[in-house]
Amino acid sequence: MLLRFRELLHLHIDADLSTTSASAVVEERYWSLRRHVPIVYLLGLVNLSAMEIATSGRVTFGPNLPTFIAACGLLRLVHWFGEGRTVPHAIMIKRMRQTVWFAAIVCAAVCARCLYLLHVGDAASHMAVMLFGGLTAIGVAYGLTALPSAGRIPLVLIIVPISIAALLSREPHFAGAAFGLVVVAALTMRLLNSHSRHFTDVILSRSRIAYEQEKVEHAHQEAVVAATTDFLTGLPNRRAFVAALESAAGGRAFAVAILDLDRFKSVNDTFGHAAGDQLLDQVAARLLHVIGNRGMVARLGGDEFGILIHDVPRTRSAHLLGREILDGVNGPVHLHGRQLVISACCGLAVARSGEAKSPSRLMADADLALYQAKENASEKMAVFELRMEAPRRRRTEIEGALLAPGVHDNFAIVFQPIFELKTGRVLAHEALARWTDPVLGSISPAEFVPIAEHLNLIDDLNSRLMALAFERARRWRKDVKLAFNLSALQLCSRNSARAVLRALRDSGFGPERLQVEVTETALLADFERARENLTELRKAGATIVLDDFGAGYASIGYLRELHFDQIKLDGGLVTAAQHSLDGKRLLRAVVGLCEALGVVTVAEHVESDELLRLVRDLGCDAGQGFWLMRPVPAEQLDELSTMPSVVIRPKEMRRRAA
Ligand code: C2E
Ligand code: CA
Ligand code: CA
């Protein structure tokens, strides 16, 4: 029988808990019960004590109902509150089952006491039993709303028996009260059920919201991971690396290393991108192995890796670390059945303890060191030192000066003549930009032109210089041309030929008097675009000159693909002919090649009489250099360029150069 009752109870409570198996419901019911059960006991104690006083005129401490209730209450208090704040679910469920049992036992005791009092007492005490018994049952039911299977018990076990007893007493007023009590119990039961449903719904929707929030949070975390991870190697990416540097700044000393693989491009070109990817993966694994838990390894992009290493206090330790990194990375690797040897360069920078250098600054330092490491073929590793900063500082100063208002007023043009070597006649004057900054002094075009290109200022600057040069050149004799240098950016940007031709038109200087000088490196920036621009200029009548031939790759391919009217033999190639037999042979061969192509040759950097004779003997058509004439301001040139058909003999040239 007991077993049956137990089963019945379990079924009930399981129905309460399994309306959802969600643990949130179990938790909420448990914590609500834990809060309310002491109040329920207190309520029962007070009510039943009042019932004792109303029926027998007193309440004593002894073997009676209030003492039993107080004992049960104390037992429950000790039991529940001894459990602390973290209670496993299994214990919660156990406590709830116990609550049902306790409710059944206590209510059965209350019922027995009420029935006894109804049996022995007078009409007044019968009413007191009805009142306090009913109040107790409804109060307890209300207190246990979090667990309806327990909440229903007092209604069934107290109100129903005393109401039946009252009805059986056949006293009309008594029966009427019993009827009212039964109706109140039925309504309370209904409220209990609907409250329980509502309770479950609220908790469920709350846990659903929490679940959705968790999902959103999870998705957010995934997005963060995706945004900070390099998908190829699985390493943190540049963004994550910069964030790590940011949080390390200002704390303990650490080192930043940038590693760059040698010949990665050729691995990609020769073995394909899949092999390149595999190589990067292997490098990532090697770096992780070397660094372990001492810091962070990230892929910054391409074949560049960034490494942050904690607790590297000195440059010397950074040197050892750099060596360790290279030793860990360098070595043979198997790719698609072939063996390759990985080698890399590494630049490091140290952030001292408490030093709050920005990530971009630290990475720029490590980059500078990397640049030095590439120069240093034996070590292939360098740690940043302040002296490396000088070129960067200079560049920043030049950038600042170029961006200053009114900078164009400090620009001027000088001209250096190009002489025909056989006759000594002036063929052209090359326009060379001069910039004298009030603070930095004179700055060479070789230095400022690339910086102006980088800052996108070259177009503006060049169009001003070109206008100045065209204006001057208009005054020269008609057979003297103007040679003007085009920068890489100008040569390879869309419509640059059209802009030059427009400037020529505006100044009234004929395109057939313009010689455009371009270098091989400038052509390399975008060969097709360069070809388009040069073809257009050539069509308009301009002479196209390949400048500094022999300084770079001296590719014969360009000579075939682009038709040059003149080739300027680089100063290095020319002066080398004076210093060695091989140099002389090489220059002779190059001049011979140009002759065969029918291109006019101009020897640059003719710095001595001896060199002048040498290049003339080797067959160069024209010459330019300090020995013949230094670059001079336009005013000094006017006289020379306006004299009709003046031919300057070498002797005279020398005199002028002096
Ligand atoms: P480049 O076109 O090769 O110009 C010749 C350079 O050699 C000039 O230097 C000139 O002063 C120098 N030079 C001339 N004769 C001798 C000599 O006998 N010995 C030595 N050692 N050097 C000699 P500069 O003026 O400093 O120009 C350097 C480079 O800057 C030029 O090389 C040219 O590529 C570029 N450049 C100059 N002016 C301009 C310009 O207005 N626009 C552009 N885009 N580039 C310019
Ligand atoms: Ca030139
Ligand atoms: Ca040159």
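Everything numeric in this text was worked out from a predicted model, so none of it was measured. Numbering of residues begins at 1 and proceeds along the displayed sequence. Each ligand, and each atom within it, is numbered from 1 in the order the structure gives.
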Should Asp506 and Arg502 be marked as a salt bridge (Lys or Arg N to Asp or Glu O under 4.0 Å) after you check the CA-CA gap, both sets of side-chain angles, and the distance that decides it?
CA-CA 6 Å; Asp506 292 348; Arg502 200 177 317 121; over 6 Å; no
Dump the intermediate steps for side chain to side chain contact (heavy atoms under 4.5 Å, CB included) on Glu389 and Phe384, then the final yes or no.
CA-CA 9 Å; Glu389 215 174 5; Phe384 174 77; 4.1 Å; yes
Check the pair Arg616 / Glu420 against salt bridge (Lys or Arg N to Asp or Glu O under 4.0 Å), numbers first and verdict last.
CA-CA 10 Å; Arg616 204 172 36 200; Glu420 188 172 47; over 6 Å; no
Please assess Asp617 against Arg613 for the test salt bridge (Lys or Arg N to Asp or Glu O under 4.0 Å), listing each intermediate value before the final yes or no.
CA-CA 6 Å; Asp617 293 349; Arg613 281 174 215 288; over 6 Å; no
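Only the side chain of Ser444 comes within contact range of ligand 1, with a heavy atom under 4.0 Å; no backbone atom does. In Ile413, neither the side chain nor the backbone holds a heavy atom less than 4.0 Å from any atom of ligand 1. At a 4.0 Å heavy-atom cut-off, ligand 1 touches Gln416 through the side chain alone. Only side-chain heavy atoms of Glu430 come within less than 4.0 Å of ligand 1; its backbone N, CA, C and O stay farther off. With a 4.0 Å cut-off on non-hydrogen atoms, Asn462 touches ligand 1 through its side chain and not its backbone. Residue Gln624 does not touch ligand 1, judged by heavy-atom distances below 4.0 Å.
Remark: ligand 1 atoms within the under-4.0 Å shell around heavy atoms of Pro631 are 11 (O). Within ligand 1, counting atoms from 1 as listed, the ones closer than 4.0 Å to a heavy atom of Glu604 are 3 (O). Set against the non-hydrogen atoms of Gly625, the atoms of ligand 1 under 4.0 Å away are 15 (N), 18 (O).
Asp548 contributes atom OD1 as its closest N/O/S atom to the Ca ion (ligand 3). The atom of Glu604 that is an N, O or S and sits closest to the Ca ion (ligand 3) is OE2.
The only option from Val545, Leu559, Val602 that meets the side-chain contact (heavy atoms from CB on, under 4.5 Å) definition with Ile567 turns out to be Leu559.
Draw a line from the Ca ion (ligand 2) to OD2 of Asp547 and another to OE2 of Glu430, and the angle between them is 180° (to 10°).
Ranking the protein heavy atoms by distance from atom 20 (C) of ligand 1 puts Glu607 OE2, 3.2 Å first. Among all non-hydrogen protein atoms, the one lying nearest atom 6 (C) of ligand 1 is His605 NE2, 4.5 Å. Protein heavy atom in closest approach to atom 40 (C) of ligand 1: Ala433 CB, 4.1 Å.
Under 3.5 Å, the side chains of Asp262 and Ser343 contain a donor-acceptor pair of N or O atoms. With 3.5 Å as the limit, one finds no donor-acceptor pair spanning the side chains of Asn485 and Ser487. Side chains of Asp621 and Thr601: a donor on one and an acceptor on the other come within 3.5 Å.
The Ca ion (ligand 2) has Glu517 among its coordinating residues (N/O/S atom, backbone or side chain, under 3.0 Å). Counting backbone and side-chain atoms alike, Thr519 contributes no N/O/S atom closer than 3.0 Å to the Ca ion (ligand 2).
Inside a 4.0 Å radius of atom 44 (N) of ligand 1 there is at least one protein heavy atom. Checking atom 3 (O) of ligand 1 against the protein gives a heavy-atom contact under 4.0 Å.
Relative orientation of the Phe509 and Phe470 rings is parallel, given thresholds of 30° and 60° on the angle between their planes.
Where the criterion is an N or O separation shorter than 3.5 Å, residue side chain and backbone included, Phe626 meets it with respect to ligand 1. Considering backbone and side-chain N/O atoms, Asp547 comes within less than 3.5 Å of an N/O atom of ligand 1.
Other residues, nucleotides and ligands place no more than 12 heavy atoms under 6.0 Å from the OH atom of Tyr371. Residue Arg361 qualifies as enclosed at atom CZ: its count of foreign heavy atoms under 6.0 Å is above 12. Residue Arg392 qualifies as enclosed at atom CZ: its count of foreign heavy atoms under 6.0 Å is above 12.
Taking all heavy atoms of Pro445, Gly571, Ser487, Ala603 into account, the minimum distance to atom 28 (C) of ligand 1 is reached by Pro445. Of the candidates Asp570, Asn485, Leu486, Ile458, it is Asn485 that places a heavy atom closest to atom 34 (O) of ligand 1. Atom 29 (C) of ligand 1 has its nearest heavy-atom neighbour, among Ala469, Gly572, Ala446, Ser442, in Ala446. Considering each of Val414, Val545, Leu432, the one bringing a non-hydrogen atom nearest atom 31 (C) of ligand 1 is Leu432.
Between Phe626 and Gln416, some side-chain heavy-atom pair lies under the 4.5 Å cut-off.
One finds the CG atom of Leu612 at 12.5 Å from the CD atom of Glu607 (value rounded to the nearest 0.5 Å). Rounded to the nearest 0.5 angstrom, Lys584 NZ and Asp582 CG are separated by 12.0 Å.
Within the structure, ligand 1 lacks Lys568 among the residues with a heavy atom less than 4.0 angstrom away.
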